[in-house]
Amino acid sequence: MTCGDARAEHIGSTVVLNGWVHRRRDLGGLIFIDLRDRYGMTQVVFNPQEKPELFAQAEKLRSEFVISVTGLVRERPEGAHNANIATGDVEVAVNELEILNTCKTPPIQVADNSSVDESLRLKFRFLDLRRSRMQENLILRHKMAKATRDFLDKEGFLEIETPMLVSATPEGARDFLVPSRLSPGKFYALPQSPQIFKQILMVSGFDKYFQIARCFRDEDLRADRQPEFTQIDMEMSFVSRDDVLGVSERLMQYVFKTVMNIDIPVPFHRMSWEESMNRFGNDKPDTRFGMEIIDVTEHVKNTEFQAFNDAIGSGGAVRGIVLPGCAGYSRKQLDELTEFAKKAGAKGILSAALKEDGEFKSVLSKYLSPEQIAELKTAFGAKDGDLLAIMAGEAMFISAILGKLRLEMGKRLNLIDKGKFNFLYVVDFPMYKYNEEEKRLETEHHPFTSPKPEDMHLLETEPLKVKADAYDMVLNGNEVASGSIRIHSRDLQKRVFNAIGISDEEAEEKFGFLLNTFEYGAPPHGGIAPGLDRIAAIAAGEETIRDVIAFPKNTGGDCLMTGAPIAVESDQLKILKLKVEG
RNA sequence: GGAGGCGUGGUCUAGCGGUUUAGGACGUCGGCCUGUCACGCCGAAGAUCGCGGGUUCGAAUCCCGUCGCCCCCGCCA
């Protein structure tokens, strides 16, 4: 029996319970121990009148001792039932006690859920993982992975493993390199994703593939980014975009229903990248609250306000958001808004308070006629009591800043309903973006993504106008999956590589094996890869994916428990024919 | 690479230029307690206020540097 099982139906039976001492309540003449394992908690009782010889031993028990008790399940006395725990109607009167192991005073208290410095939690992760919050998180994660396998199996997907020792790729994130002993001076890379292998599996005829795959990227860490993370990697042949989106939204629906009994409506809303950028200022809109970006360019075309005219004259826009109920903001609060915008890269922000008494308090009142002000209010859909935050400039630039302001104010004004799970798809991403530093084009998604058929003719002439058949799944303002319809024609793949400066020779050298497969009957295919860590973290209500990963790295990339990464013996380097500089 | 925040007994924190002999809670240790369940009551131990330097009559408190951690931008096909 586990510590979570005991019920009234077991009264009268003798059981053995193994677990950790969660809490001890020593009443002097009576000792209660809450005995804990991952299934739950059971109160066990030591009574000196019933078992005097055990009592002395029981007095030595301390937090987190590992014990085994044998005893009789009995009903608790009248009035001593505990409705807070599942086993609260009964207790175990101990007849035998074995202390299997003692425990030093733990640096983290397991029994309470008080906050503890994360470094300490990571250093003593084995204790942190005993706490109910982390136990629940890892159980939730397991259930999500299990539901994923069940669903995809039912849908006819095959789970196929791909190598962890792969080739480095020229595009994308920095690779983690693994030196080869058998080929001195050469390196494997850990996979950034199983991308190429899953595409080749399509060519091989495994038309529905998935893998709960570990991926590695050597980039800076964040609350939602670890150097190794887990994707539900999926790929399908003979599919259109909507087939892929359909399967993955049903996967999410199934997982949330099965694991948490939460109903997620499908189909998810599909929003174009352009619409998302315009309405929310980013490509992962948080639709749990309004306060959307509104374009008022058309309504302020004929004002005397220089900043508007300059922006509009140079092809820019005037846009803003409505901060509900913020008309009473003090000078200091308004300065904070400006400061926030400046930190985000803006020159400034223009505010206009719609006072309750009808006053339009803003520098704009000097330059706009009463009719123009009225038109502006209508365009924003603002009420008295609201505050307008307005910016003028290049449309995408100001939208990005307004988008950040929107998120910040959404938090500050408490507009976000934490109980919501708002899924949507963002589709029709641009194929390329311009890299200012390297003065060249790069792919927005990855170079195996197919352009939308109707834009193919622009690949060489106006590449920045080409839309890709790429899509992201967004949950509560987080990118939780990304995918695309892939290229399966050697000629098209070559054109896409050329646009980002990968020559035919380099393409042949780095991706020749993939290009070759395209000449041996590659079917049209596409896929998507939901991020298990992020989805689990959001489902668990956690702020960071570290809280749904058993042994994560800190933001410096260190494992505080094992000390990794560490220096290695020079012998190890010698075998690999490596030298460390400095 | 850049911006910001935090660092006080084992843990979480209060104090933010003098009222501090650095306060509280949890934990730990000792005593009392036979129906507790965040048990209760009494008592005790436990802190070079991350580290180094400076300003000052006086620094946990202000300044500079440094280390550690967190968050954000860049980066993350």
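So that the names make sense, note that chain A is the first sequence line, chain B the second, and so on, each numbered from 1.
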For the pair [X] and [Y], find out whether any cationic side-chain nitrogen is under 4.0 Å from an anionic carboxylate oxygen.
X: A:Glu91; Y: A:Arg7; value: no
X: A:Asp233; Y: A:Lys198; value: yes
X: A:Arg130; Y: A:Asp37; value: no
X: A:Arg406; Y: A:Asp286; value: no

Among [options], which nucleotide has an atom closest to any side-chain atom of [X]?
X: A:Gln49; options: B:U34, B:C12, B:U36; answer: B:U34
X: A:Ala223; options: B:C71, B:C37, B:U34; answer: B:C71
X: A:Ser115; options: B:C69, B:C12, B:C70; answer: B:C12
X: A:Arg23; options: B:C37, B:A38, B:C70; answer: B:A38

Could you measure between the two [atom1] atoms, the one in [N] and the one in [M], and give it in whole Å?
N: B:A44; M: B:G53; atom1: P; value: 36 Å
N: B:U13; M: B:C6; atom1: P; value: 13 Å
N: B:C33; M: B:C41; atom1: C1'; value: 8 Å
N: B:G5; M: B:C62; atom1: P; value: 12 Å
N: B:U55; M: B:G15; atom1: P; value: 29 Å
N: B:U36; M: B:G31; atom1: P; value: 23 Å
N: B:A47; M: B:U8; atom1: C1'; value: 7 Å
N: B:A59; M: B:C76; atom1: P; value: 49 Å

Quick one: sort the A:Phe497 and A:Phe448 rings into parallel, tilted or perpendicular, breaks at 30° and 60°.
perpendicular
Spell out yes or no: do the side chain of [X] and the base of [N] have one donor N/O and one acceptor N/O closer than 3.5 Å?
X: A:Arg225; N: B:C76; value: yes
X: A:Arg24; N: B:G27; value: no
X: A:Arg217; N: B:C75; value: no
X: A:Arg62; N: B:C29; value: no
X: A:Asp220; N: B:C75; value: no

Atom pair distance, as rounded to whole Å: [atom1] in [X] and [atom2] in [N]:
X: A:Asp26; N: B:C37; atom1: CG; atom2: P; answer: 14 Å
X: A:Asp117; N: B:G10; atom1: CG; atom2: C1'; answer: 13 Å
X: A:Phe176; N: B:C75; atom1: CZ; atom2: C1'; answer: 13 Å
X: A:Glu78; N: B:G35; atom1: CD; atom2: C1'; answer: 13 Å
X: A:Leu27; N: B:C37; atom1: CG; atom2: P; answer: 8 Å
X: A:Asn84; N: B:U36; atom1: CG; atom2: P; answer: 14 Å
X: A:Arg121; N: B:G68; atom1: CZ; atom2: P; answer: 21 Å
X: A:His81; N: B:C37; atom1: NE2; atom2: C1'; answer: 13 Å

Mind checking if [X] touches a base, just sugar-phosphate, or nothing, with heavy atoms under 4.0 Å?
X: A:Pro447; result: base
X: A:Leu120; result: sugar-phosphate
X: A:Gln109; result: base
X: A:Ser193; result: base
X: A:Glu91; result: base

What are the two closest non-hydrogen atoms of A:Asn282 and A:Ser276, and how far apart are they?
O-OG, 2.7 Å
With a 3.5 angstrom cut-off on both distances, give the Watson-Crick or G-U wobble partner of [N], or none if there isn't one.
N: B:C57; result: B:G18
N: B:U48; result: none
N: B:G43; result: B:C29

Quick check on contacts: within residues 464-483 of chain A, what sits under 4.0 Å from RNA chain B by heavy-atom distance?
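Hits under 4.0 Å, by residue number: none.
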What pairs with A:Thr230 under side chain to side chain contact (heavy atoms under 4.5 Å, CB included), at least two apart in sequence or on another chain?
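With neighbours one apart ignored, the set is A:Arg141, A:Ile212, A:Arg214, A:Leu532, A:Asp533.
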[N] OP1/OP2 closer than 4.0 Å to side-chain N/O of [X]:
X: A:Arg74; N: B:G35; result: no
X: A:Asn554; N: B:C69; result: yes
X: A:Arg222; N: B:C70; result: no
X: A:Arg25; N: B:U36; result: no

Upstream residue (5' side of RNA chain B) when A:Glu50 and A:Ser114 are each assigned their closest nucleotide
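The residue closer to the strand's 5' end, by nearest nucleotide, is A:Ser114.
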For A:Asp224 and A:Thr169, find the nucleotide of RNA chain B closest to each by heavy atoms; which residue's nucleotide sits nearer the 5' end?
A:Asp224
Looking at A:Arg131 and A:Ser114, would you say the former's side chain and the latter's main chain have a donor-acceptor pair under 3.5 Å?
yes
Is a side-chain N or O of A:Glu394 found less than 3.5 angstrom from the main chain of A:Phe397, in a donor-acceptor match?
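Flag set: sc A:Glu394 to bb A:Phe397 pair under 3.5 Å.
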Within 45° of the six-membered ring axis of A:Phe46 and under 6.0 Å from that ring's centre, is NZ or CZ of A:Arg24 located there?
no
Partner of A:Ser484 by side-chain contact (heavy atoms from CB on, under 4.5 Å), out of A:Met431, A:His446, A:Glu444:
A:His446
